[in-house]
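Values in this document were obtained by computation on a predicted structure and should not be read as measured data.
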Amino acid sequence: MGYTPPVKHLEGLNSAQKEAVLHTEGPLLVLAGAGAGKTRVIVHRILEIVRKGTEPRRILAVTFTNKAAKEMRERTHTLLSEAPELNFPIRETQLPLVTTFHSLGLLILKENHRFLNLPRTPAIWDRGDSLRALKEAMKNAGISPEEFDPRGVLSRISKEKGGGTTFSAYQSAMGDGQDIISRAWEGYERALAADRALDFDDLLLRATLLLRNEEALRRGYQERFSHILIDEYQDTNRVQNEMAELLVGEAQNVCAVGDIDQNIYSWRGAELKNILSFDKRYKGARVITLEENYRSTQVILTAANDIISKNKYRAEKNLFTKNGEGEPVSLYTAYDEMDEAGFIARKSRELIEEGARPRDIAVLFRANFQSRALEEAFLGAEIPYQVLGVKFFERKEVRDLLCLLRAGLTPDSGADLKRIANVPPRGIGKVTLLAMLAGREAELGASAQQKVGDFRRLLTRIGEAAHNRTCSEAVKFALKESGLEQSLKEGDSEDRERLENCYELVSLATRYDAMEAPLGVEKLLEDAALATDQDELKEDKDAVRLMTVHASKGLEFPYVFIAGLEEGLFPYEREGEKKSPEEGEEERRLFYVALTRAMRKVYLTHATLRTIYGSKLMGAPSQFITDIPANLIEAEGPERIGRTIYLD
């Protein structure tokens, strides 16, 4: 008798979704349009794989953000637990592994740290750490930061690593190794090695190199994971794509889910060819397209379809919905950015008065500088708002506390010791710190040796707390024992606000209290290091969201404003920059992403004048506005409240 899935398992899935869920063996590419229920397909497909006899722990699902991984993990566990024939619950270690690429890379490195001469819990540098180390490396190499922007140099190194290139390979390719990137990169790698640390790109690159070079290790992971599912496949760079390929076993049970039209990260190394060539790499791959949208109205989808149809580097698909026609797209032509921001705040106020919650509203923009005028307008209108991008884990006091914990677990972490040796002040100056880092403490005077000894003993106590207490108790202990709590209590109002952030970290740490020590603290440190902009989205905070279009990827809101639709701003153009035809299409994909975040209504705005870098510039309306059929758009009246224009 053939396998017959119960009707309940497939309830609510459309025919294309069912086809994707039931195809559990061999390679599968799911081209999922925006709002087409791709996460639902992934989690139902995991259930189907388990129902057909695969142990849940042998399934690996990989995505890009912690937020997406958390949602997918929760939905997967709920679905499995509600399947009566599976006799759930089962232990955490027996569940499918649902994670991000960076967390997967870190897991592989931790499990094989002896290959790499790394501690089991290595320090992970964030961009701030990397930038400081690179500036120091450039200074030591005699490279002027005025002539060569350190951020640009770091981005180049990051892109090389994302493309699978190590420093030694890059240096060999450059011949004499005397180019600017080689000289800066060499010192940067020395700093990482001295600290036995990893940067974000190392999590992917070094894990991939391990899988590539160690056959027994690679086969072990292929045996461990019989089925692999990859979300947002269009966003993979070269090294992520290779990592996935190396994990896929001989049965080629790999499912990639993505949308070519939402590829918006080429500047970060994402390669469109990964998804375009999937069926060539995995022979016999089934390709299924999901076109039914469950999020937006038909007006929004028609506008999005017309916009994206002008791109050539894509697979043909046409989004449709049963949600109804919906309201037309609104267009407001502002005098300047203050007028534009005023309109957005006023219209948001109207929506709220008509019953919308502030959190139902998102304002999207192409460049970060646009948030200033918007913030002023929302402050003036007394409308609660939240700007994505100010990361909780990047606040100084939070990083200080995290560094104390990491140094307690890994006392030879140079970057952490430099940061917190004198936080709060304990009399350890630069000379003492350098001697301590160089292992020459015996050369110091008696007083300095005493201070260093006290500091070392503090770290030992914090390490013991991490190994013997719950995660939140360990954080609380580090905060108090280090003197940081008392120091902030005795400070000004800003210090007391910083202390509140430290207390917030203690609250956050309670989520890890169920984990065995020191795994709870280790997981907190990992999650903090790998946090993204979307992790700052306070779901329980009822506020209008202000964010870049890039930060909005994967989110949805009933009402969406897209601001700054002027040529040169959106689509964005740098003066003198030449783009390939493929690169030129990315701005259109970005606008498509912005449109498809909206569920009920879209507002488009542009300004005749905009102040950029201190100069008022005339702006022509974006080509994206005229690319939307006129019958889908209605103009908003000026209503320029509070503005008087005097004519000579």
Side-chain angles (χ1 to χ4, degrees), residues 113 117-126 128-130 132-137 139-140 187-198 396-469 473-491 495 498-499 502 505 517-518 521-522 524-525 528-529:
H113 64 97
N117 189 32
L118 288 170
R120 199 178 74 82
T121 308
I124 304 170
W125 285 3
D126 62 19
D129 295 324
S130 293
R132 276 188 291 276
L134 184 70
K135 285 178 179 176
E136 185 68 22
K139 179 183 174 184
N140 293 337
Y188 177 68
E189 287 298 322
R190 273 202 302 267
L192 277 167
D195 210 17
R196 300 178 77 198
L198 303 165
K396 180 185 183 302
E397 60 280 5
V398 174
R399 289 196 63 202
D400 288 344
L401 191 46
L402 291 170
C403 284
L404 279 165
L405 289 161
R406 194 160 50 227
L409 287 172
T410 314
D412 59 350
S413 172
D416 293 317
L417 293 178
K418 284 179 200 173
R419 183 177 183 90
I420 45 86
N422 214 33
V423 176
R426 51 176 60 89
I428 296 179
K430 287 184 179 179
V431 173
T432 303
L433 178 60
L434 287 171
M436 185 173 71
L437 294 172
R440 294 187 285 103
E441 294 169 31
E443 299 174 13
L444 297 169
S447 175
Q449 285 191 40
Q450 176 67 38
K451 290 168 185 172
V452 170
D454 289 344
F455 178 56
R456 294 281 192 198
R457 285 185 285 276
L458 165 66
L459 295 183
T460 299
R461 293 195 299 276
I462 291 173
E464 288 171 350
H467 278 88
N468 297 295
R469 305 189 185 199
E473 287 173 346
V475 177
K476 201 181 297 182
F477 179 87
L479 177 61
K480 184 173 184 178
E481 194 76 3
S482 65
L484 186 57
E485 181 179 39
Q486 191 60 37
S487 174
L488 293 174
K489 275 182 178 178
E490 294 171 354
D495 284 330
R498 293 187 182 103
L499 182 57
C502 292
L505 184 64
V521 172
E522 290 178 359
L524 170 65
L525 293 170

Look at the side chain of Glu485 and the backbone N and O of Leu479, then say whether any donor-acceptor pair between them is shorter than 3.5 Å.
-> no
List the steps, then state whether side chain to side chain contact (heavy atoms under 4.5 Å, CB included) holds for Arg120 with Leu409.
-> CA-CA 10 Å; Arg120 199 178 74 82; Leu409 287 172; over 6 Å; no
Apply salt bridge (Lys or Arg N to Asp or Glu O under 4.0 Å) to the pair Asp416 and Arg419, showing each step before the final yes or no.
-> CA-CA 5 Å; Asp416 293 317; Arg419 183 177 183 90; over 6 Å; no
Identify the two heavy atoms, one from Ala137 and one from Gly187, that lie closest to each other, and give their separation to 0.1 Å.
-> CB-C, 3.6 Å
Side chain to side chain contact (heavy atoms under 4.5 Å, CB included) assessment of Glu397 paired with Leu499 | CA-CA 8 Å; Glu397 60 280 5; Leu499 182 57; over 6 Å; no
Backbone N/O of Ala123 and side chain of Arg196: donor-acceptor pair under 3.5 Å | no
Decide yes or no on side chain to side chain contact (heavy atoms under 4.5 Å, CB included) for Phe455 and Ile420, but give the supporting numbers first.
-> CA-CA 10 Å; Phe455 178 56; Ile420 45 86; 3.5 Å; yes
Give the minimum heavy-atom separation between Ala415 and Trp125, together with the two atoms involved.
-> CB-NE1, 3.6 Å
Chi angles and distances behind the salt bridge (Lys or Arg N to Asp or Glu O under 4.0 Å) call for Arg498, Asp495 = CA-CA 5 Å; Arg498 293 187 182 103; Asp495 284 330; 2.7 Å; yes
Decide, yes or no, whether a salt bridge links Lys418 with Asp129 under the criterion of side-chain N to carboxylate O below 4.0 Å.
-> no
Do you know which two heavy atoms are closest between Met436 and Ala421, and how far apart they sit?
-> CE-CB, 4.2 Å
Rounded to the nearest 0.5 Å, how far apart are NE2 of His113 and CG of Leu198?
-> 12.5 Å
Rounded to the nearest 0.5 angstrom, the CG-SG distance for Leu488 and Cys502 is 5.5 Å
Is the closest basic N to carboxylate O distance between Asp454 and Lys451 below 4.0 Å?
-> no
OG1 of Thr410 to CG of Leu118, rounded to nearest 0.5 Å, is 10.5 Å
Ser482 OG to Leu404 CG distance, which is reported to the nearest 0.5 Å | 5.0 Å
Minimum side-chain heavy-atom gap Phe477-Arg461 below 4.5 Å | yes
Would you say Thr432's side chain and Ile428's backbone share a donor-acceptor pair under 3.5 angstrom?
-> no
To the nearest 0.5 angstrom, please state how far the CD atom of Gln449 sits from the CZ atom of Arg456.
-> 12.0 Å
Separation between CZ (Arg469) and CD1 (Ile462), nearest 0.5 Å, reads 11.0 Å
Do the side chains of Leu433 and Asn422 get nearer than 4.5 Å, heavy atoms only?
-> no
Closest heavy-atom pair, Ala407 versus Leu417, reported as atoms and distance to 0.1 Å, is CB-CD2, 4.4 Å
